[in-house]
Amino acid sequence: MIPSNGDRQVLLEVRNLRKYFPVRKGWGRHGQLKAVDDVSFSIFKGETLGLVGESGCGKTTVGRTIVRLYRPTGGQVLINGTDIAGMTQRQLKPFRRTMQIIFQDPYASLNPRMTVGDIVGEPLDIHGLAKGTARQRMIYDLLESVGLSEEHASRYPHEFSGGQRQRIGIARSLALHPDLIICDEPISALDVSIQAQVINLLDDLQREKGLTYLFIAHDLSMVQHISHRIGVMYLGCLVEVAGSRRLYHKPLHPYTQALLSAIPIPDPDASAQSRRIILEGDVPTPIDPPPGCPFCSRCPYVMDICRKERPPMLESEPDHFVACHLVNGPAAAGEPGSAS
Ligand code: SF4
């Protein structure tokens, strides 16, 4: 499944991406933790694709596998049409300039023994892009572009707040003028009052520099704010992809409906009228999951076919992709939300 969107140019195309981790299941027995299992999507130039799902659904592994912090078990990762999934580290080097990652934890992701100037300048050094005063000027410009100043360059990470540290991480990610930035839960470790500032900064940078984002998060309301389209993951699989507004107003997959119903509504009247969907049971283990729909053990609309056949991702409505037998199959009698 590759979502289309008119004539817009695709920057990143992920095809049937899989990332399995080996696990020991007892004496001499080994299994596989299927963190990402056959995930496909595209991101257009200048677009933000939000990737959401509960903790452990595989969204962070998708991001890390795309930038090759993990080697994919299978599938393709095409950047501007070139597949980087099977490349060696040496072959990857020119592509590392194209894509960067902002990590979740601004405390752990910055080396406490390096000055901020050296942290931001490190990518320039690795790629041999600038030296001396030219390097210094570039570092100052990068700091200014994220709302910091020249005098911050000589300080150390522990002298900064969480929000400022994340700004340093963003400045570092911009050093090589990337096209694509993987934002791996960049605001979840920050105070709520700071989160909006970082989101607004990412928004401004996207407009100024034409950046493309894969924005990974579990906070659905924040993802809606920044994303043009949103993909929903469950148990290593992508289950729904649609435009941000459309997904929030007309979710089709039963899991997305449950996720959205859990978002608190500030208006007490609207909140009283909304119906919270409580899912029974726990998320199953991704170790050797059974065939069929990954959501079948918790879905209120489960059918026999759901336990046997994995539903393919299909374009259920224009630019709205869903992997669900009920939505796409002959059993569909409207939307899942209206099923008894
Ligand atoms: Fe539920 Fe079946 Fe759809 Fe899966 S395929 S979400 S189990 S109805």
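Every value quoted in this text rests on a predicted model; they were computed, and no experiment measured them. Atoms within a ligand are numbered from 1 in the order they appear, just like the ligands themselves.
Residues I66 and Y20 do not share a hydrophobic cluster, defined by chaining ILVMFWY side chains whose heavy atoms lie under 4.5 Å apart.
Close approach of ligand 1 to H253 is summarised as follows: ligand atoms under 4.0 Å from at least one heavy atom of the residue are 6 (S).
D184 has a carboxylate O that lies under 4.0 Å from a charged side-chain N of R64, or vice versa, which qualifies the two as a salt bridge. Here E47 does not pair with K45 in a salt bridge; the nearest charged N to carboxylate O distance is not below 4.0 Å.
When the options I230, T256, V232 are evaluated for a side-chain contact (heavy atoms from CB on, under 4.5 Å) with P251, the one that passes is T256.
Of all protein N/O/S atoms, those under 2.8 Å from atom 2 (Fe) of ligand 1 are C306 SG, and waters are not counted.
For the pair K19 (side chain) and R71 (backbone), a donor-acceptor distance under 3.5 Å is present.
Ring to ring, H158 and Y107 are not that close: their centroids are 6.0 angstrom or more apart.
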